[in-house]
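First up is the structure itself, then whatever we jot down about it.
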Amino acid sequence: MENNSIRTTVHEDNKVALPLTVNQRITSRTRHYLARWHFFWNIVNDPQQNIDIVYCPTNEQEADYLTKGLDFETFIKWRKLVEGW
């Protein structure tokens with residue numbers, strides 16, 4: 001697989017999830033993640049995949065308008081930004 005210069009950035013608003021994306025630290029609280037996250041850890045830690053994971057505060061998370069119940073003004077704000085209307 002060739003190393004592309006295009007990088008993918010994943011914006012995460014969960015500060016607890018961020019360290020779990022790069023560290024395969026298994027504890028009694030995270031052991032049930034092992035099967036689900038094993039594939040993800042391999043992808044994120046592979047330098048050829050060009051994936052960056054960065055913190056994004058919840059109030060700046062554009063995808064929330066699709067997944068969370070928002071008040072009308074916040075919904076309209078994100079809809080205009082993402083869809084343009």
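Only heavy atoms go into these numbers, but all of them, side chains included; no hydrogens, no water, no symmetry mates.
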query = After noting the C-alpha distance and the side-chain angles of E12 and Y55, does the key distance pass the side chain to side chain contact (heavy atoms under 4.5 Å, CB included) rule?
reply = CA-CA 5 Å; E12 176 58 56; Y55 175 71; over 6 Å; no
key: Check against side chain to side chain contact (heavy atoms under 4.5 Å, CB included), T8 and N50   = CA-CA 6 Å; T8 301; N50 292 328; over 6 Å; no
query = What salt bridge (Lys or Arg N to Asp or Glu O under 4.0 Å) pairs are there with at least one residue in residues 76-85, not counting sequence neighbours?
reply = none
task = Just do the side chain to side chain contact (heavy atoms under 4.5 Å, CB included) check on D64 and T67 with the steps written out, would you?
result = CA-CA 5 Å; D64 281 355; T67 61; 4.0 Å; yes
message = My understanding is that a hydrophobic cluster links ILVMFWY residues whose side chain heavy atoms are under 4.5 Å apart, including indirect links. Using that, what else belongs to the cluster containing W78?
response = Y65, L66, L70, F72, F75, I76, L81, V82
key: Student check: side-chain heavy atoms of D52 and V10 closer than 4.5 Å   = no
query = How long is the gap from CG on N14 to SG on C56, to the nearest 0.5 Å?
reply = 12.5 Å
key: Side chain proximity check, V54 to T9, heavy atoms < 4.5 angstrom   = yes
key: Straight-line distance of K68 NZ to Q61 CD, nearest 0.5 Å   = 7.5 Å
